[in-house]
Peer 1: 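One structure, pasted below without further comment.
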Amino acid sequence: MKYNIVVSGGGTGGHYYPAYSVIKELENNIDFNLTYFTIYNRLDYFKVPQDFPEATHIPLRVKGLIRPLYSIKNISILLNTYKNYLKVKKIMKNNRPDFVILTGGYVTVPVGLAAKDLKIPIFILEQNKIMGIANKVLSKYAKKIFLTFKNTIGNKYPEKSIISGNPLRVPNTINRTKLLKNLKFDDNKPLVTVFGGSLGSDFIDNLMIDVYNHINDINFLHISKNLKSQWSNVRVFKYLDNLTEYLSISDMAISRGGATSLSEIDFFELPAIIIPWGNSAENQQFLNAKSFNKENIHIFTENDINSKDIIDIISNVHKRKDYIIKKENPSKIITKTILDSLGGA
Ligand SMILES: CC(=O)N[C@H]1[C@@H](OP(=O)(O)OP(=O)(O)OC[C@H]2O[C@@H](n3ccc(=O)[nH]c3=O)[C@H](O)[C@@H]2O)O[C@H](CO)[C@@H](O)[C@@H]1O
């Protein structure tokens with residue numbers, strides 16, 4: 001049997017990559033046609049044609065609600081969501097998907113509401129400690145809700161929720177020597193990866209300049225749209241599609257508090273310095289970071305961190321004992337649960 005599957009979720013990597021991971025795992029288990037609804041001109045819009053060239057890619061021109069939610073501009077945003085809901089419903093009426101997977105972000109609202117009307121099973125993934133607005137609206141209609149965290153704030157349906165963890169892009173094999181060679185680094189120093197979620201962070205970039213001026217016995221991989229490297233031990237890339245491969249061979253990470261970045265840091269058991277983005281919706285990044293709080297995870301707010309704190313912490317970084325994956329990718333349990341709940345593959 002060949003399934004028809006609809007997936008939506010995006011705007012940022014934090015919402016898109018969990019969807020990517022589940023689709024990849026589904027590919028290992030069943031045969032299917034994929035339709036992906038992306039947000040026009042956002043990360044998912046560019047990645048879907050690259051990652052899934054065979055999929056039917058349908059970009060929607062949707063916008064997220066403005067905070068505060070009572071802002072008058074939200075009326076036209078809601079009207080536009082309604083228009084897109086009608087569009088999606090027409091498309092799904094024709095292609096009758098067997099199920100729909102939604103991984104958060106406002107694009108999922110018209111897709112989820114259309115699926116609900118057509119009685120198509122809906123599976124929701126929530127990466128954050130505090131449930132996003134789109135998932136709050138849609139969770140009532142979901143067959144199952146997959147959570148990264150226990151006690152996700154705002155989740156009203158614990159009876160149909162599963163704490164699965166966040167599905168990730170896990171490399172099949174870890175080849176530290178090859179990856180270090182790509183970076184033109186020797187294997188004799190620890191590697192620290194610095195990134196600000198999928199959008200980058202000027203705040204982290206600025207903080208690191210002073211660190212780089214002081215530390216040369218550690219190698220750094222830094223993702224930044226603006227920074228130019230002038231240090232022999234720092235490699236800067238604007239974006240790396242295979243960042244998780246580099247995380248898997250890192251000895252520490254410095255990052256924002258996006259849930260997917262944190263899940264990756266946790267999965268590869270990296271010590272980390274986390275500086276949640278102060279303006280994230282409902283301050284979710286700080287709540288995420290607090291939930292991942294454990295030894296070796298140093299959490300700072302933007303107001304209480306300076307470059308000296310970073311220098312002090314990373315002065316103690318050393319190479320890990322080994323670089324092997326010890327955990328199972330949550331995409332496996334999510335895929336199994338979805339297929340079981342439909343009556344098996
Ligand atoms: C502005 C915004 O809406 N931020 C949200 C968004 O953040 P954002 O998209 O930044 O999300 P995350 O930090 O959770 O995830 C970033 C993802 O991008 C990947 N990556 C990053 C840089 C790079 O060069 N290559 C690469 O692959 C990371 O490996 C990770 O998989 O989604 C998260 C998860 O719902 C939320 O917690 C954040 O609050």
Side-chain angles (χ1 to χ4, degrees), residues 8-22 24 39 42-44 46-47 50-51 63-67 102-108 124-136 146-149 152-154 165-171 183 193-205 221-227 235-250 253-268 270 272 274-292 329-331:
S8 184
T12 58
H15 292 303
Y16 172 66
Y17 290 123
Y20 170 97
S21 166
V22 172
K24 284 287 169 199
I39 307 178
R42 298 296 302 268
L43 182 137
D44 38 322
F46 297 104
K47 296 290 171 210
Q50 263 175 36
D51 294 338
K63 284 207 171 99
L65 290 173
I66 292 168
R67 269 83 170 177
L102 306 173
T103 59
Y106 46 85
V107 64
T108 62
I124 282 181
L125 273 70
E126 174 57 64
Q127 301 84 30
N128 294 286
K129 177 69 183 179
I130 176 161
M131 187 171 265
I133 296 180
N135 278 350
K136 268 196 194 149
F146 298 100
L147 303 171
T148 297
F149 295 108
T152 299
I153 301 164
N166 194 2
L168 303 174
R169 294 166 297 156
V170 177
L183 297 175
T193 294
V194 183
F195 66 120
S198 61
L199 306 174
S201 163
D202 291 341
F203 184 86
I204 292 182
D205 292 355
L221 167 62
H222 188 131
I223 306 292
S224 168
K225 307 255 184 312
N226 305 316
L227 195 74
R235 303 283 180 266
V236 180
F237 293 85
K238 288 199 181 339
Y239 196 88
L240 283 176
D241 279 326
N242 61 342
L243 184 64
T244 52
E245 286 193 54
Y246 288 98
L247 286 173
S248 76
I249 61 146
S250 294
I254 299 178
S255 147
R256 287 299 203 184
T260 302
S261 298
L262 291 173
S263 302
E264 289 161 2
I265 288 166
D266 185 61
F267 188 85
F268 297 116
L270 298 180
I274 307 294
I275 313 149
W277 176 45
N279 285 330
S280 62
E282 284 79 45
N283 204 16
Q284 49 165 267
Q285 291 211 348
F286 191 69
L287 293 169
N288 290 338
K290 261 182 37 191
S291 308
F292 273 109
N329 191 340
S331 63

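In this chain, numbering begins with 1 at the start of the sequence shown. Basis for what follows: all heavy atoms, side chains included, without hydrogens, waters or symmetry-related copies. One-based numbering, in listed order, for ligands and for the atoms of each.
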Peer 1: Against heavy atoms of Tyr17, which atoms of ligand 1 measure under 4.0 Å?
Peer 2: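 Counting from 1, the qualifying ligand atoms are 17 (C), 18 (O), 19 (C), 27 (O), 31 (O).
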Peer 1: Looking only at heavy atoms, is any part of Arg256 under 4.0 Å from ligand 1, and if so is it the side chain, the backbone, or both, or is it neither?
Peer 2: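 Near ligand 1, Arg256 shows nothing, with every heavy atom at 4.0 Å or more.
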Peer 1: Are there over 12 heavy-atom neighbours, none belonging to Lys290, within less than 6.0 Å of that residue's NZ?
Peer 2: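 12 or below, so no.
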Peer 1: Within less than 4.0 angstrom of ligand 1, does Lys238 place any heavy atom?
Peer 2: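 Contact check Lys238 vs ligand 1: negative.
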Peer 1: Given Gly196, Ala259, Ser198, identify the one with the heavy atom nearest to atom 8 (P) of ligand 1.
Peer 2: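 Residue with the shortest heavy-atom distance to the ligand atom: Ser198.
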Peer 1: Does any N or O of ligand 1 fall below 3.5 Å from an N or O anywhere on Leu199, backbone included?
Peer 2: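 Min N/O separation from ligand 1 is not below 3.5 Å for Leu199.
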Peer 1: Could you tell me which non-hydrogen atom of Thr193 sits nearest to which non-hydrogen atom of Ser250, and how far apart they are?
Peer 2: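 Answer, listing the atom of Thr193 first, then Ser250: OG1-OG, 2.7 Å.
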Peer 1: Give the residue, atom name and distance (to 0.1 Å) of the protein heavy atom nearest atom 4 (N) of ligand 1.
Peer 2: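 Result for atom 4 (N) of ligand 1: Gln285 NE2, 4.1 Å.
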Peer 1: Do ligand 1 and Phe195 have nitrogen or oxygen atoms that lie under 3.5 Å from each other?
Peer 2: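 N/O-N/O distance below 3.5 Å does not exist for this pair.
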Peer 1: Between Leu243, Leu43, Leu125, Asn128, which one has a non-hydrogen atom sitting closest to atom 35 (O) of ligand 1?
Peer 2: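 Result: the heavy atom closest to atom 35 (O) of ligand 1 is in Asn128.
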Peer 1: Among Gln127, Glu245, Glu264, Lys47, which one has a heavy atom closest to atom 31 (O) of ligand 1?
Peer 2: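 Shortest heavy-atom distance from atom 31 (O) of ligand 1: Glu264.
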Peer 1: Does some non-hydrogen atom of Trp277 fall short of 4.0 Å from ligand 1?
Peer 2: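 Under 4.0 Å: yes for Trp277.
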Peer 1: Where on Asn288 is there a heavy atom closer than 4.0 Å to ligand 1, on the side chain, on the backbone, on both, or on neither?
Peer 2: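 Side chain only; the backbone of Asn288 stays clear of ligand 1.
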Peer 1: Which ligand 1 atoms are under 4.0 Å away from a heavy-atom of Ser261?
Peer 2: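 Ligand 1 atoms under the 4.0 Å threshold to Ser261: 12 (P), 13 (O), 14 (O), 15 (O), 16 (C).
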Peer 1: Run the numbers for me: atoms of ligand 1, each under 4.0 Å from some heavy atom of His15, listed by number.
Peer 2: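 Result: 35 (O).
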Peer 1: Quick check on contacts: which atoms of ligand 1 are under 4.0 angstrom from a heavy atom of Ile223?
Peer 2: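 Selected atoms, number and element: 24 (O).
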